[in-house]
Asker: 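Supplied in structure tokens, the structure appears directly below.
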There are 2 protein chains.
Amino acid sequence: MTELHKFAESEEMYLKTIAEISRHGNLVPVTNIAERLSISTVSASEMVHRLQDRGLLEHTPYKGVRLTTEGRKRAEGILRRHRLWECFLTEHLGLPWKQVHDFACQLEHVSEDALTDALDKHLGFPSFCPHGNPIPPAQGVLEGRETTPLSDLDVGQEGVVLCIREEDGEILDYLDARAVRPGSRVRIEEIAPYDGPRSVLMDGEKQVLGREVAEHILIELVHDNETE
Amino acid sequence: MTELHKFAESEEMYLKTIAEISRHGNLVPVTNIAERLSISTVSASEMVHRLQDRGLLEHTPYKGVRLTTEGRKRAEGILRRHRLWECFLTEHLGLPWKQVHDFACQLEHVSEDALTDALDKHLGFPSFCPHGNPIPPAQGVLEGRETTPLSDLDVGQEGVVLCIREEDGEILDYLDARAVRPGSRVRIEEIAPYDGPRSVLMDGEKQVLGREVAEHILIELVHDNETE
DNA sequence: AGTTAATATAAGGGTATCCTAACTATTGGA
DNA sequence: TCCAATAGTTAGGATACCCTTATATTAACT
């Protein structure tokens, strides 16, 4: 019988969220954290202080928050577990994307290294989760990849889908149904007025994607110099 | 992103514990619950009231507690998940018994039916966990099996190990190392004075087991009428 | 029947996490 | 430069669990 408490869980949600938002080492506004976790800014602020006291992040008032080395390590541990479970749920249990994400969100908090490592091995040491997000290594830190949100591309630009930012489950099913998956080749055909929906060619098929959705699709640009 | 809270976890530990203690529909003293969960009787009592208010159990003062139908259903759901995860951790990840139990104790609280059922299917719908405890069905209630603790057998009696009561992880490794596993044939050779350690023949090998340990080994008696 | 041991309840606290409402401090643009 | 919007803090609460230290109740044995 283990303890009844769960100190870690809440803390982990914060760290994970911060890590997800701050893809490029930027400062993360506390407001954004609160939004993503659907809690008040007061509560988020409070917790940010606690996490700072524990040495997991640094808060620059009126600017935002940045994970310390320790904080980042912890956050990557969570992402690692999340993504490994996603692999398992997808490949072995054959569950649909949306469920996979939601279940992984719960499984990620079971954090014994022995379990995570055994799972990793069982899965054959995968490098990416089903949505294309890189799986942090058991130790060491993930190096960044050069990605651009699909929403930042201009008409005519081309690229390959690297990953879907996994922030909620809803979007995953939506995109899965439209063949938006890691590896898909994409080209912007048209952008509607007022920064509106994008018409894109996704692996040859025409799709229309709203801007908000496009922000979650991370692209590796393909320079079409040779085409011109 | 799921909610930050975890109401269920503590509640589940209570239900599971009660279900484990009350194998035969007996009333479970609140004191025992407190002991098993390593909390004060005051806290246990408090929680028992809460669970009663939620209709999960009935408390008869000075007697004990009994799960309601709903409470039992919930408890069996937890045991089901626990034991399915144990199967997975043992068979697929190849982890040792003690770890398996401890990890399953955490995984059991991830309780989506879709996940549990997918896991069940992936494992080939097993009927027993690695320690021989029956896995409750997705719906319906587990019917009891006739078992006797090894500690209740007399010298000369024989039986087959049906299961190890899984209450903590420590004991599992201990017994595993002594070939005490579901299916092992056992015969009591000697009981030391003062209800002391039992000398037993376990699948032909001589082993000595303390009374406390023997209480956790559940036996199906084999009537040796024909032998005599 | 009377006492003791087991059980229950009451009183007073503690921590972690969340909330709203009101107030203050800073930033960044007009 | 000044002010509105943004960010942060203070104050006062709530809930779910957990604790210890009394004090009541009941059960059960002599």
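Sequence lines set the chain letters: A, B, ... in the order given, protein chains first and strands last, and positions in each chain run from 1.
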Asker: Kindly say if A:Ser40 contacts the phosphate of C:dC19, meaning a side-chain N or O under 4.0 Å from OP1 or OP2.
Answerer: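 Answer is yes, contact under 4.0 Å.
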Asker: With a cut-off of less than 4.0 Å, is there a side-chain N or O of A:Ser10 near OP1 or OP2 of C:dC18?
Answerer: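 The answer is yes; a side-chain N or O of A:Ser10 sits under 4.0 Å from OP1 or OP2.
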Asker: Find the distance B:Glu9:CD to C:dT17:C1' and express it as a whole number of Å.
Answerer: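 For the pair B:Glu9 CD and C:dT17 C1', the rounded distance is 15 Å.
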Asker: What is the distance, to the nearest angstrom, from the CG atom on A:Leu51 to the C1' atom on C:dC18?
Answerer: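 So the two atoms are 15 Å apart, to the nearest Å.
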Asker: Quick check on C:dA8: is either OP1 or OP2 less than 4.0 Å from any side-chain nitrogen or oxygen of B:His49?
Answerer: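 B:His49 to C:dA8 OP1/OP2: no side-chain N or O under 4.0 Å.
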Asker: Please identify each residue that fulfils side chain to side chain contact (heavy atoms under 4.5 Å, CB included) with B:Tyr62, with sequence neighbours left out.
Answerer: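 Not a single residue meets the side chain to side chain contact (heavy atoms under 4.5 Å, CB included) criterion with B:Tyr62.
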Asker: How would you summarise protein contacts on nucleotides 22-30 of chain D per nucleotide, using B for base, S for sugar-phosphate only and - for none, with heavy-atom distances below 4.0 Å?
Answerer: ---BSS---
Asker: For A:Asn133 and A:Arg165, indicate whether the former's side chain and the latter's backbone hold a donor-acceptor pair under 3.5 Å.
Answerer: no
Asker: When the distance from OH of A:Tyr14 to P of C:dA16 is rounded to whole Å, what number comes out?
Answerer: 14 Å
Asker: Please enumerate all residues that pass ring-ring contact (aromatic ring centres under 6.0 Å, His included) together with B:Trp85, with sequence neighbours excluded.
Answerer: A:Trp85, B:Phe88
Asker: What is the separation between atom CG on A:Asn32 and atom C1' on D:dG8, rounded to the nearest whole Å?
Answerer: 15 Å
Asker: Ignoring backbone atoms, test whether A:His59 places a side-chain nitrogen or oxygen under 4.0 Å from the OP1 or OP2 oxygen of D:dA7.
Answerer: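 No, because none of the side-chain N or O atoms of A:His59 sits under 4.0 Å from OP1 or OP2 of D:dA7.
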Asker: If I take atom CG in residue A:Leu37 and atom P in nucleotide C:dA16, what distance separates them, rounded to the nearest angstrom?
Answerer: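 The answer, rounded to whole Å, is 19 Å.
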Asker: What is the distance from CE of A:Met13 to C1' of C:dA16, rounded to the nearest Å?
Answerer: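 It works out to 16 Å between those atoms.
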Asker: Under 4.0 Å: is that the gap between some side-chain N or O of B:Ser45 and OP1 or OP2 of C:dA8?
Answerer: no
Asker: Tell me: CE of B:Met47 to P of D:dT15, nearest whole Å?
Answerer: 16 Å
Asker: Could you tell me the separation between the CD atom of A:Glu11 and the P atom of C:dT15, rounded to a whole number of Å?
Answerer: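 In whole Å, C:dT15 P and A:Glu11 CD are 17 Å from each other.
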Asker: With sequence neighbours excluded, tell me which residues meet salt bridge (charged side-chain N to carboxylate O under 4.0 Å, His left out) with B:Glu91.
Answerer: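 B:Glu91 satisfies salt bridge (charged side-chain N to carboxylate O under 4.0 Å, His left out) with no other residue.
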Asker: Name the atoms and distances for all side-chain donor-acceptor pairs under 3.5 Å in residues 110-117 of chain B, with sequence neighbours left out.
Answerer:
from	atom 1	to	atom 2	distance (Å)
B:Thr116	OG1	B:Glu112	O	2.9
B:Asp117	OD1	B:Arg80	NH2	2.8

Asker: Should A:Thr31 be listed as having a side-chain N or O under 4.0 Å from OP1 or OP2 of D:dA7?
Answerer: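 A:Thr31 to D:dA7 OP1/OP2: side-chain N or O found under 4.0 Å.
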Asker: Between B:Val30 and B:Glu46, who's closer to the 5' end of DNA chain C by nearest nucleotide?
Answerer: B:Val30
Asker: Give the C-alpha distance, both sets of side-chain angles, the deciding distance and a yes or no for side-chain hydrogen bond (donor to acceptor under 3.5 Å, both in side chains) between A:Gln52 and A:His59.
Answerer: CA-CA 7 Å; A:Gln52 185 165 38; A:His59 179 218; 4.8 Å; no
Asker: Can a side chain N or O of A:Arg50 be found less than 4.0 Å away from OP1 or OP2 on C:dT17?
Answerer: yes
Asker: Could you tell me which residues satisfy side chain to side chain donor-acceptor pair (under 3.5 Å) with B:Lys98, sequence neighbours excluded, listed by chain and number?
Answerer: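 Here the qualifying residues are B:Asp102.
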